[in-house]
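Heavy atoms only: backbone and side chains are in, while hydrogens, waters and symmetry mates are out.
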Amino acid sequence: QVQLVESGGGFVQAGGSLRLSCAASGSIFNAMGWYRQAPGKQRELVAAITSGGSTNYADSVKGRFTISRDNAKNTVYLQMNILKPEDTAVYYCNARRYMIGGTTRDYWGQGTQVTVSS
């Protein structure tokens, strides 16, 4: 059974930094990433990284957030700098496997709250 254990959320003032971590059980995932969901809004991709190290970021976080992963530990990190009040959301870790036939299977963490005060 796959488990994703997140840590690192919290409360910070605007301009501050936080680092999220997500440790996954099981074998290496093809891609891992972070999504977020603010109250009244849909869940959105923040950043993702493949097992080969290719990254993808939402435009709103480019230049401020950095995603990285340690394949040996099956862990993904999100370094968040210059945080803004609009970054306030529940952040969810995602792990994805590419299945035979071209489909994907997603696994999710329980979510961690990030609150940025102005």
Would the distance check show the side chain of [X] and the main-chain N or O of [Y] forming a donor-acceptor pair, the cut-off being under 3.5 Å?
{"X": "E6", "Y": "C93", "answer": "yes"}
{"X": "N30", "Y": "Y98", "answer": "yes"}
{"X": "T75", "Y": "D70", "answer": "no"}
{"X": "S60", "Y": "A58", "answer": "no"}
{"X": "R19", "Y": "Q79", "answer": "no"}

Are [X] and [Y] linked by a side-chain donor-acceptor pair shorter than 3.5 Å?
{"X": "S17", "Y": "N81", "result": "yes"}
{"X": "N71", "Y": "R69", "result": "yes"}
{"X": "Y35", "Y": "R43", "result": "no"}
{"X": "E86", "Y": "T88", "result": "no"}

Measure across [X] and [Y] and return the closest heavy-atom pair with its distance rounded to 0.1 Å.
{"X": "R64", "Y": "I82", "result": "NH1-O, 2.9 Å"}
{"X": "A38", "Y": "A89", "result": "N-CB, 3.8 Å"}
{"X": "Y92", "Y": "G109", "result": "CD2-O, 3.7 Å"}
{"X": "Y107", "Y": "L4", "result": "O-CD1, 3.4 Å"}
{"X": "V116", "Y": "K84", "result": "CB-O, 3.3 Å"}
{"X": "Y77", "Y": "S21", "result": "CD2-OG, 3.3 Å"}

Q37, CD atom: more than 12 neighbouring heavy atoms under 6.0 Å: yes
NZ/NE/NH1/NH2 to OD/OE distance under 4.0 Å, D106 and R97: no
Carboxylate-amine/guanidinium proximity below 4.0 Å for K62 and D59: yes
Close side-chain approach of M80 to V114, heavy-atom, < 4.5 Å: yes
Side chain proximity check, E44 to R36, heavy atoms < 4.5 angstrom: yes
In one Ile/Leu/Val/Met/Phe/Trp/Tyr side-chain cluster, 4.5 Å: W108, F29: no
Single hit among L20, L83, L18 for side chain to side chain contact (heavy atoms under 4.5 Å, CB included) with F65: L83
